[in-house]
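Heads up, the thing below is written out as structure tokens.
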Amino acid sequence: MKQNITGSEALMLALQAEGVKTIFGYPGGTIMPVYDALYDYTRGDNKVFNHILVRHEQGATHAAEGFARVSGEVGVAIVTSGPGATNTLTGVADAMIDSTPIVVIAGQVPVSALGTDAFQEVDLVGLAQPISKWSYQIRRAEDIAGAVSRAFYIARSGRPGPVVLDFTKNAQTERVDFKAEKVDFVRSYVPYPKLDAASVRAAADLINSAQRPLALVGQGVELGGAQDELMAFLEKADIPAGRTMLGLSALPSTHPLNVGMLGMHGNYAVNLKEQECDVLIAIGMRFSDRVTGSLKTYAKQAKVIHLDIDRSEINKNVKADVAVVADCKESLPALTALINKADHSAWRESFKPLDEKERIMVIEPAIHPSEGPLLMGEVVNAVAEATQGDAVLVTDVGQNQLFATRYFRYPKRRSLCTSGGLGTMGYGMPAAIGATFGAPDRTVCCFMGDGGFQMCIEELGTIMEQQAPVKMILMNNNYLGNVRQWQDMFWQRRKSFTRMMNPCYELIAKGYGISYDIVTDRIDLPAAIERMLVTKGPYLLECAILEDDDVLPMTPPGKSIDEMQLEIKNDK
């Protein structure tokens, strides 16, 4: 116990009790007492926290997300009230839909001023409730220990997600006798449902009778730390597995049972085979519309087994014949124990002609073009080869994201940070900053388009100050590329406000003291990538990309996934 300290120092001790070492934040009026307390905890021999000053509060939340995604720990962001707090809401919503554990602590006006429209007062709890796992206002210093411990317990347990603490200024300055609390139970909150043996048995029976089983692997495997359990399950039953975008590093890219990425821009064979399999086993994934295409036609021939920790995902989009509601680290071994050793080699072989068709029509032209301007696919492939599978991939949103996730390599766990469900442009650079602190021993490669880069360009200041070793690959096609592609395909090529007038990125990099290079000819690409990777600290590599480079394959929106196109068919 520490007696007669301020609520702000109590927050420091509460964060320390949760094992926090890294904080991303931005100070302001109502959070100033906390920042004054933080001063003594970030300096000298007794330094406890490493505080990263971002340049925008949205950047703090995305950095916390990137940190959490690669480290497996809870990311922390501290901001002030009013616009400081509202600027975090995009990151909170992003973390919610992508199940990323972060805790956002925002200043608030004193309790005596609540409801008076005081300067920079906003109802943060009300705003955050629909897009967070829990939001709570701390009104008294004596509530700090319990609220912080509860926040971290909720953020990291079960299906992870964001928690928002609204910290009134009077609670920050009041005196309190602090004793750390450890919350490991919240009434009515059941983060780890009890495994139902009958459901496991029913799922095993379906798998044992299957002739054409197919597993769909989501991020839930990664979040549950169940990668080994997944491989044991797949290998025993000889089940081919597709991965969602967020689940890409849950199964190594080179694993023989990995049959590619699911979804609108995923791999051709696995998408078509979803319409042929007889048993579909969804593991820690939510049947996003970007995976299923039209629900009216999705996998109607298959018996569906859904393994998920979150009961609300069961039957939400796709009706399950058998639901196993539990942590996949528990449910997968239970299922593996009951399934038979199997050989589905003939079924797996049936994927290969479709894979070969995609390789010839899409992959080879994308990564090994013989002429013309640079393509995004070849840039991603070249970086992936140069990093030899050791790097963490961070992407922004758009074509850069789709090319990067398709053509990167994922031999290691927790190797991908991207905004999946919300699709947040501007996510990439701050998330990459967070990733360098969450995985300091790994190379962090951040792919961005010219649109998303300019939505977070202020975070170059954070990179400059921290010398965060982010290897930024700017794939510049002078367009909002994904929107432009849709305009070409579905809107009679009417390019309405998608062409970008871009600045001189060399001068911008120079202004921030960041190493810079540009590639306009593919002959120079390998050497430029090598220079980027051997240069210590941050680096911006601009690549001049073909303006109408398109992401393929593609399932047109609203279509069945077996209508996936390997070439552009323009809407006339």
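Just so you know, residue 1 is the first one in the sequence shown, and it goes up from there.
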Distance-only polar pair, side chains of [X] and [Y], donor-acceptor under 3.5 Å:
X: Gln487; Y: Thr498; value: yes
X: Ser415; Y: Ser249; value: no
X: Arg499; Y: Asn478; value: no
X: Glu459; Y: Thr462; value: yes
X: Asp562; Y: Ser560; value: yes
X: Gln401; Y: Asn482; value: no
X: Tyr26; Y: Gln58; value: no
X: Glu358; Y: Asn267; value: yes

Donor-acceptor pair, [X] side chain versus [Y] backbone, under 3.5 Å?
X: Ser419; Y: Thr424; value: yes
X: Asn476; Y: Ala544; value: no
X: Gln129; Y: Trp134; value: no
X: Lys471; Y: Thr535; value: yes
X: Arg69; Y: Thr418; value: yes
X: Arg442; Y: Asp390; value: yes
X: Gln219; Y: Gly284; value: no
X: Lys133; Y: Arg159; value: yes
X: Arg212; Y: Glu276; value: yes
X: Asn477; Y: Ile545; value: no

Can you see which heavy atom on [X] is nearest to which on [Y], and at what distance?
X: Leu223; Y: Arg414; value: CA-NH2, 4.0 Å
X: Val394; Y: Ala431; value: CG1-CB, 4.0 Å
X: Gln399; Y: Val551; value: CG-CG2, 3.7 Å
X: Asp517; Y: Tyr539; value: CB-OH, 3.3 Å
X: Pro252; Y: Met231; value: CD-SD, 4.1 Å
X: Asn271; Y: Gly266; value: ND2-C, 3.9 Å

Distance check, rounded to the nearest 0.5 Å: [X] atom [atom1] versus [Y] atom [atom2]?
X: Asp94; Y: Thr90; atom1: CG; atom2: OG1; value: 8.5 Å
X: Met554; Y: Gln565; atom1: CE; atom2: CD; value: 7.5 Å
X: Gln454; Y: Asp396; atom1: CD; atom2: CG; value: 11.0 Å
X: Leu460; Y: Leu540; atom1: CG; atom2: CG; value: 7.5 Å
X: Arg243; Y: Leu251; atom1: CZ; atom2: CG; value: 6.0 Å
X: Leu262; Y: Met245; atom1: CG; atom2: CE; value: 10.5 Å

Using the rule side chain to side chain contact (heavy atoms under 4.5 Å, CB included), only one of [options] pairs with [X]; which is it?
X: Ile305; options: Ile283, Asp321, Leu280, Ile281; answer: Ile281
X: Val362; options: Glu567, Lys357, Arg406; answer: Arg406
X: Thr88; options: Thr61, Val164, Ile102; answer: Thr61
X: Phe408; options: Thr387, Leu248, Leu416; answer: Thr387

* Please walk me through it: do Gln227 and Glu222 pass side chain to side chain donor-acceptor pair (under 3.5 Å)? -> CA-CA 6 Å; Gln227 297 93 335; Glu222 197 110 272; 2.9 Å; yes
Does any non-hydrogen side-chain atom of [Y] lie less than 4.5 Å from one of [X]?
X: Phe24; Y: His62; answer: no
X: Tyr512; Y: Pro538; answer: no
X: Tyr407; Y: Ile367; answer: yes
X: Val279; Y: Val304; answer: no
X: Phe287; Y: Glu313; answer: no
X: Asn381; Y: His368; answer: yes
X: Arg348; Y: Leu257; answer: yes
X: Thr86; Y: Leu127; answer: yes

* Verify the neighbour count for atom NZ of Lys316: are there more than 12 heavy atoms of other residues, nucleotides or ligands below 6.0 Å? =>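 Enclosed: over 12 neighbouring heavy atoms sit under 6.0 Å from NZ of Lys316.
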Between [Y] and [X], is there a salt bridge with N-O shorter than 4.0 Å?
X: Glu547; Y: Lys495; value: no
X: Asp278; Y: Lys303; value: no
X: Arg484; Y: Asp550; value: yes

* Has Lys273 got its NZ or CZ under 6.0 Å from the middle of the six-membered ring of Phe351, at an angle within 45 degrees of the ring axis? -> yes
* Residues Leu474, Tyr505; criterion side-chain contact (heavy atoms from CB on, under 4.5 Å); working and verdict -> CA-CA 9 Å; Leu474 173 59; Tyr505 294 112; 3.6 Å; yes
* When you look at His265 and Phe403, which way does the ring-ring contact (aromatic ring centres under 6.0 Å, His included) test go after all the steps? -> CA-CA 9 Å; His265 291 286; Phe403 276 109; 8.6 Å; no
* To do: Step by step, work out the side-chain contact (heavy atoms from CB on, under 4.5 Å) result for Glu542 and Val519.
  => CA-CA 6 Å; Glu542 181 180 358; Val519 179; over 6 Å; no
* Begin from the C-alpha positions of Thr395 and Cys446 and carry the test side-chain contact (heavy atoms from CB on, under 4.5 Å) through to its verdict. => CA-CA 5 Å; Thr395 84; Cys446 180; over 6 Å; no
* To do: For the pair Ile514 and Met472, evaluate side-chain contact (heavy atoms from CB on, under 4.5 Å) and give the outcome as yes or no after the intermediate values.
  => CA-CA 10 Å; Ile514 293 172; Met472 295 169 279; 4.1 Å; yes
* To do: Decide salt bridge (charged side-chain N to carboxylate O under 4.0 Å, His left out) for Glu378 and Arg522; before the verdict, give the C-alpha distance in whole Å, the side-chain angles of both, and the deciding distance to 0.1 Å.
  => CA-CA 9 Å; Glu378 70 173 311; Arg522 63 177 45 87; 2.6 Å; yes
